[in-house]
Amino acid sequence: GGDDGDGAAAAASGEPPKPLIKMDEGDIYEVPDTDYEIRLRGGVYYCTCPAWRFYGGTVDDRTCKHLRACLGQAYDDWRVFQNGGRR
């Protein structure tokens, strides 16, 4: 069977889920219908929105609705959890 897109197959196999939008180091993704950008720097996803900036914790365990929409909830939960953050 194939992956149904929600990361369940990846989770069952022990592999991390795949992000919805693949970004390479240094990429900038402009969030549609906003003035915000998502960036990948040093293996860390950043968003320029206030919610991300004021989330607290370290930069690698922060999230926001823009990151969740761009990366997908399954991947974002996995990413934050891997870095010791809260879900």
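Residues: numbered from 1 along the sequence shown. Being a predicted model, the structure only gives us computed values, none of them experimental.
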Salt bridge R68-D77, side-chain N to carboxylate O under 4.0 Å: yes
Same cluster or not: L71 versus V59, using hydrophobic residues (I, L, V, M, F, W, Y) connected whenever any side-chain heavy atoms lie under 4.5 Å apart?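 Same cluster.
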Hydrophobic clustering (ILVMFWY, side-chain heavy atoms < 4.5 Å, transitive) - are I28 and I38 grouped together?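 Different clusters.
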What residue pairs, at least two apart or across chains, pass side chain to side chain donor-acceptor pair (under 3.5 Å) with a residue in residues 24-36?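 For residues 24-36: K22-D24.
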If you take all heavy atoms of [X] and [Y], which pair is closest and at what distance?
X	Y	answer
Y55	T63	CD1-O, 3.4 Å
T58	D61	O-OD1, 2.7 Å
P17	A74	CG-O, 3.5 Å

Under 3.5 Å, which donor-acceptor pairs do the side chains of residues 39-48 form with other protein atoms, sequence neighbours left out?
from	atom 1	to	atom 2	distance (Å)
R39	NE	E37	OE1	3.1
R39	NH2	E37	OE1	2.5
R41	NH1	G26	O	3.0
T48	OG1	E37	N	2.8

Show your working on ring pair (Phe, Tyr, Trp, His ring centres under 6.0 Å) between Y75 and W78 and close with a plain yes or no. CA-CA 5 Å; Y75 181 82; W78 174 85; 5.6 Å; yes
Sequence neighbours left out, what passes side chain to side chain donor-acceptor pair (under 3.5 Å) with R62? Give chain and number order. none
